Every structure is written in structure tokens, then in C-alpha cells.
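Please read all numbers here as calculations on a predicted model, not as lab measurements. The sequence lines fix the lettering, A, B, ..., with proteins before strands; numbering per chain opens at 1.
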Amino acid sequence: MDILDARGLSCPEPVIMIKKAMESCEDAYEIIVDNAVSRENVTRFAEHNGYSVRITEKAGEYTLAITR
Amino acid sequence: MKENIRLTRLASCAGCGAKVGAGMLSKLLKGFETHYDPKLLVGYDTSDDASVYVINESTAIVQTTDFFPPIADDPFLYGQIAAANALSDVYAMGAEPKLALNIMCLADGMDKETVQEILRGGYSKAYEAGVIISGGHTINSGEPVYGLAVTGFVHPERVLRNVGARPGDRLILTKPLGIGVLTTAAKADMVEKPVMAKVYAQMTELNRYARDVMTGYEVHACTDVTGFALLGHGLEMAQGSGCSIYLEAAAIPYHREAYELASMGFVPAGAYRNREFAEPGVWAAEGITRAMMDILYDPQTSGGLLISLPESAAADCLAKLKAELEYAEIIGCVGQQAEYSIYIE
């Protein structure tokens, strides 16, 4: 699984990135964002599509483990 | 005009979503020396829409400015929206705008035709409002910006402030919410053209018509719902009035498409800032969804008026508003000050 790097991007770009990735219909994705707005919005998108999200924070960067 | 320029791509945030948060603003402005003048009827203290200064017993001058980065790719539309939004602060005071100055920043990649179209949009709205654009200032900058500084007039006893709501009042909202979500999603090409056409039409609509109707009634308080969202501006109205506001979620007009897009994560950064500012004063019933709260915190550009008026006048005022403005609704009421400033059920 590739880790999607959405650092340096502001919304809606990270959501578009995960949306495009999810077109492959896999069971798990991982994405790194560097702001709270992107963390919240990517979480909303994943949950809206039936995935659950686990978030870990390190030095202001958030890694979202998205699974179903 | 070159078709490949996407104005909104030249900006990092759209419209009133670019606004600095309310909490941050009051911190920035703290502690400065200012002159006291009894003729200044409305100043910084209540975070109102415009300042009001009495000239004589029948005239007060109303001043405001508003500008922001592109909220639409069409430069003419952008100019119209920016101007309607700037003029709105004057209408929200119950006043009549008369003069305006252009405020403009040009970014690399904007050709002459694009700049002219933005200005043409601004002039067209000013003309519709009976306002003369008498000058302005334009600079080169990193991102495009356009807006107006507006001067208007009002009778000193007819000033409508964002405070003064009384228990028993009804609250009317004149335009539907969801603008920030929809313009954010439009950047990702997630909104169909007819929907955006409807949204742009709403944003270019002057609040003049709502003002004309409302000034025929005994209005206790009024503000326009813009960057701080319904809940941010509502909080300022409730706290400034020493009351609590009770909103009925099911009665609040909003774009249905925005609800779906908010639940998909197309929520602008401004909505999170607004939530951070207002949330401590807001109580929401359990059944209110996260997407609905996103819409209530969604920054609006050229949003509608939030009008607080006596219950006896509310139905009549709404009926008159609806003749011109189909989305206007009574969205709640005002009560005695309680633990929270805003209750949503």
C-alpha cells in the first residue's frame, strides 16, 4: 500500500487526493496531512464512504489509517 | 478573455472564508488608545457590520469595507459578488449606501481583460444600488483581491444594530446557507453547473430588497450572515443583546447539495475557525448531525440578513420578504439569557 502524502496541501486538495485513490476500491489506505482542517475533512470523506479512520499525530503531522 | 485562467486557483481561500477568525480579531485589537466621541453611535465594541457616526439630528454616516480573494472563476461574477457583499454591511445597518471606493490587488497571471471584468462586475452592482464609485486603490500582490469601502447614510434613530434583540422576538434569515461548502467543493469540480448558477445568483443579489421590507417594521436587531457563519454572527447578536437565541434546525434554509458535500469533507477552513470561536456558547440537541453543524458554521459570502423582530410583526414581514426572496424563513426565536447563547433543536 502506498502512503498518500498530502502535506503542504490545503482543502479541498487532500480530499480530492483520497477520493481519487479510493476509486481503486481497496480495503485500506494511509494518508499524511499537516493541518487539522485536512485531518477532519479526509476523515469525513472516509467515514462517508463506509471506512473507519485511526489518526496518529507526530510533530503537527497526522497519519490517517483508513480501513473497512 | 483567456478561458484557461481559473481565478479561484490563484487564491488559497475563497470569499468570506478568508476572513480572520472573530476570536483572533478581538485579540489583535485589544488595548489600543482610541478617542471617545458620543457621536460615534456604533464602533468596534459590539463587532457590528459597519461604524456609524452622527453628523446632525437627521443624518448619520455609515462606513464599512469588505474585500476577499476570488470566489468564482468568472471575473464579472466575482466582481458582482464582492460588491454585493461589501454593500450588504450598509443594508444590514438599515442604511442607504451612496459612495464607494474600489480596493483591488492584482496577481501575476491576470490579464487586462480579467481585471476589467472584475471591475465591471463591481460597477454594475454599485449602479444597481444607486452607489457612485468615486475612486479606489490598486496594488500588485500575491493573490487577487477585490472589494469596496462603502459610505452610506441613515437617520440616527433608525440605525439597526447587531444587538438589541429582545426575548420574544422572532428571527428571520433571508438567504439559504451552504455557500462556503459549495464554493469549496466547486474548486474540486464536485458541484454541477446549475447548482453553482443558483448559488452565484444568490451571492450577487443585493440585500437592499430585504432592507426595504425590514425597515417597514419595528426591527430590534439585524446583521448580515457572512464570514462568521450563522452561529458566529448569531452568537454576537445573542451576547451583545444579553439574550439567548433558540434555533429550529429544520426551519433553517440551506442548500441541500451542501449537506451532502459537507458530510463528504468539503468543509472550508473558515467553518472550523468559526466552530472554534462559537462552540463554547452553542448547545445542540443530540439529533443534529455533524453535516448540519458544518452548515451552521459555514462562512457565507454575501449572505442574507438575520433579522430580530417582535413576534407580532414576524409573519407579516416574512410574507412580504417571500414575495421577493423565496428562501426567507423564520428560523427561531429569542429568549431570556440562559446558560448557552445559542440553542439548536
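For B/Glu205, the side chain to side chain contact (heavy atoms under 4.5 Å, CB included) partners at least two apart in sequence or on another chain are B/Lys175, B/Leu325. With sequence neighbours left out, the side chain to side chain donor-acceptor pair (under 3.5 Å) criterion links A/Asp27 to A/Arg68. With sequence neighbours left out, B/Ala86 forms a side chain to side chain contact (heavy atoms under 4.5 Å, CB included) with B/Asp66, B/Leu148, B/Val150.
Within a 6.0 Å sphere centred on CD of B/Glu276, heavy atoms belonging to other residues, nucleotides or ligands number 12 at most. Within a 6.0 Å radius of CD in A/Glu61, more than 12 heavy atoms belonging to other residues, nucleotides or ligands are found.
Neither the backbone nor the side chain of A/Glu13 comes within contact range of chain B, judged by heavy atoms closer than 4.5 Å. The part of B/Asp294 that comes within reach of chain A is its side chain, from C-beta onward, which places non-hydrogen atoms under 4.5 angstrom from that chain.
For a heavy-atom cut-off of 4.5 Å, chain B lies close to A/Val15, A/Ile16, A/Lys19 in residues 15-23 of chain A.
For chain A, the option among B/Ala271, B/Ala188, B/Gly265, B/Ala185 with the highest count of heavy-atom pairs below 4.5 Å is B/Gly265.
Considering only heavy atoms from C-beta on, B/Val267 comes within 4.5 Å of A/Arg44 through its side chain.
B/Arg290 contributes atom CZ, which lies 5.0 Å from atom CD of A/Glu47 (distance to the nearest 0.5 angstrom).
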